[in-house]
Amino acid sequence: MTGQAARAARFRQLHRPGTPLVIPNPWDVGSARLLASLGFEALATTSSGFAASLGRLDGSVTRDEAIAHAAQIVAATDLPVSADLENGFADDPAGVAETARRAVGSGLAGFSIEDFSPDAGIYDRRLAAERVAAAVEAAHAADARLVVTARAENHIHDRPDLQDTIARLQAFQEAGADVLYAPGPTRPEDIEAIVRSVDRPVNVLARPGTPSVAELARLGVSRISVGGAFAFAAVQALVAAATELRDEGTYGFTEAAAAGARAVRRTFGQPPA
């Protein structure tokens, strides 16, 4: 078994209903290595966090950039890595399949595909399922057999239609998806309805109002991710420090900075000061 195949197999095994994999989303090589040093078992890229690191908004990264970024995160640690590949950078199934093949070539253990495009909006359900099927065929044809996460985007695009979301996830399951993901719902009863409606591991996005990890475990969730939240928490820390320096002329931020510097030295191989 190749290293990539072993990581993909490990990633698949980490999805256990009731014992959710808590997976953080690094946005660059340094954050990937820091998160790995904290004991997490897998990593996932964040399209919004990566875009912000380039000075852009989510949805503006190209396929070439996303694949190259994913390969960098893969190379940063020995952990399985799943990539946020947005809508597969294509509307048609053939284009999604090509993205999946390139994901295989980057060393990833898995990737996610959304049923939303900034230009087309939420795809027709049948087309959305065909796109997932194309991604699955390409990902599973590889020796590594990457883990495909299919995303139903209704709730984060002003379409809080739980029944349609469930129907989409069921269609994605039939199309062969390994993991199902509907970012947005936070009510325990809605999350439980999603989990009970499918026979695949379910991922939940941590956001304001989301039940705790312990509660999500009770609901049968298999994976919990944070999306761009860690990246934007880091951005806010930078804004707060810069604002203090500019407006107050004080250096309260240096205490947190010193702790961060110690974490960097510890993780990147230098003895802490």
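All values derive from a computational prediction rather than experimental measurement. The analysis underlying the following values was restricted to heavy atoms, covering all of them including side chains, and did not include hydrogens, waters or symmetry mates.
Using a 4.5 Å heavy-atom cutoff, the side chains of Pro26 and Phe230 are not in contact. Looking at Leu162 and Asn154, their side chains never come closer than 4.5 Å, going by heavy atoms from C-beta outward. No side-chain heavy atom of Leu79 sits under 4.5 Å from any side-chain heavy atom of Glu41. Side-chain atoms of Glu153 and Thr165, non-hydrogen and from C-beta on, never get closer than 4.5 Å to each other. Residues Leu108 and Leu146 are in side-chain contact: their nearest non-hydrogen atoms beyond the backbone lie under 4.5 Å apart.
The environment of Leu245 atom CG is dense: over 12 non-hydrogen atoms of other residues, nucleotides or ligands sit within 6.0 angstrom. Other residues, nucleotides and ligands contribute at most 12 non-hydrogen atoms within 6.0 Å of the CD atom of Glu255. Within 6.0 Å of atom CZ in Arg56, more than 12 heavy atoms from other residues, nucleotides or ligands are found, so the atom counts as buried in its surroundings. No more than 12 heavy atoms of other residues, nucleotides or ligands lie within 6.0 Å of CG in Asp143, so this atom counts as exposed by the packing criterion.
Of the charged side-chain nitrogens involved, none lies within less than 4.0 Å of a carboxylate oxygen, so that Glu130 and Arg126 do not count as a salt-bridged pair. No salt bridge links Asp115 with Arg125; every basic N to acidic carboxylate O contact stays at or beyond 4.0 Å.
With hydrogens and angles left out, the side-chain atoms of Thr149 and Arg223 include a donor and acceptor closer than 3.5 Å. Asp84 and Thr46 share no donor-acceptor pair across their side chains, judged by distance under 3.5 Å alone. Asn203 and Ser225 are linked by a side-chain donor-acceptor pair at a separation below 3.5 angstrom, with hydrogens and angles left out of the test. Inspection of the Arg33 and Thr267 side chains reveals no N or O donor paired with an N or O acceptor under 3.5 Å.
Under the 4.5 Å side-chain heavy-atom criterion for grouping Ile, Leu, Val, Met, Phe, Trp and Tyr, Val195 is connected to Val22 within one hydrophobic cluster.
A donor-acceptor pair is defined here as one N or O able to donate and one able to accept, closer than 3.5 Å; no such pair exists between the side chain of Thr19 and the backbone of Arg16. Checking side-chain atoms of Asn25 against main-chain N and O of Gly228 turns up no donor-acceptor pair under 3.5 Å. Formation of a donor-acceptor pair under 3.5 Å by the Arg131 side chain with backbone atoms of Asp91 is found in this model. Under a 3.5 Å cut-off, the side chain of Glu86 and the backbone N or O of Ser47 do not form any donor-acceptor pair. With hydrogens and angles ignored, the 3.5 Å screen pairs no side-chain donor or acceptor of Thr186 with any backbone N or O of Thr210.
Pairing each heavy atom of Val179 with each of Val147, the nearest pair is CG2-CG1, 3.8 Å.
By the ring pair (Phe, Tyr, Trp, His ring centres under 6.0 Å) test, Tyr181 pairs with no residue at all, sequence neighbours left out. With sequence neighbours left out, the ring pair (Phe, Tyr, Trp, His ring centres under 6.0 Å) criterion links Phe116 to His157.
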- request: Assess whether side-chain contact (heavy atoms from CB on, under 4.5 Å) is satisfied between Phe40 and Leu34, documenting all intermediate values.
  value: CA-CA 10 Å; Phe40 289 99; Leu34 282 164; over 6 Å; no
task: Applying side-chain contact (heavy atoms from CB on, under 4.5 Å), run through Asn87 and Tyr123 and close with a yes or a no.
output: CA-CA 10 Å; Asn87 72 328; Tyr123 293 112; 2.9 Å; yes
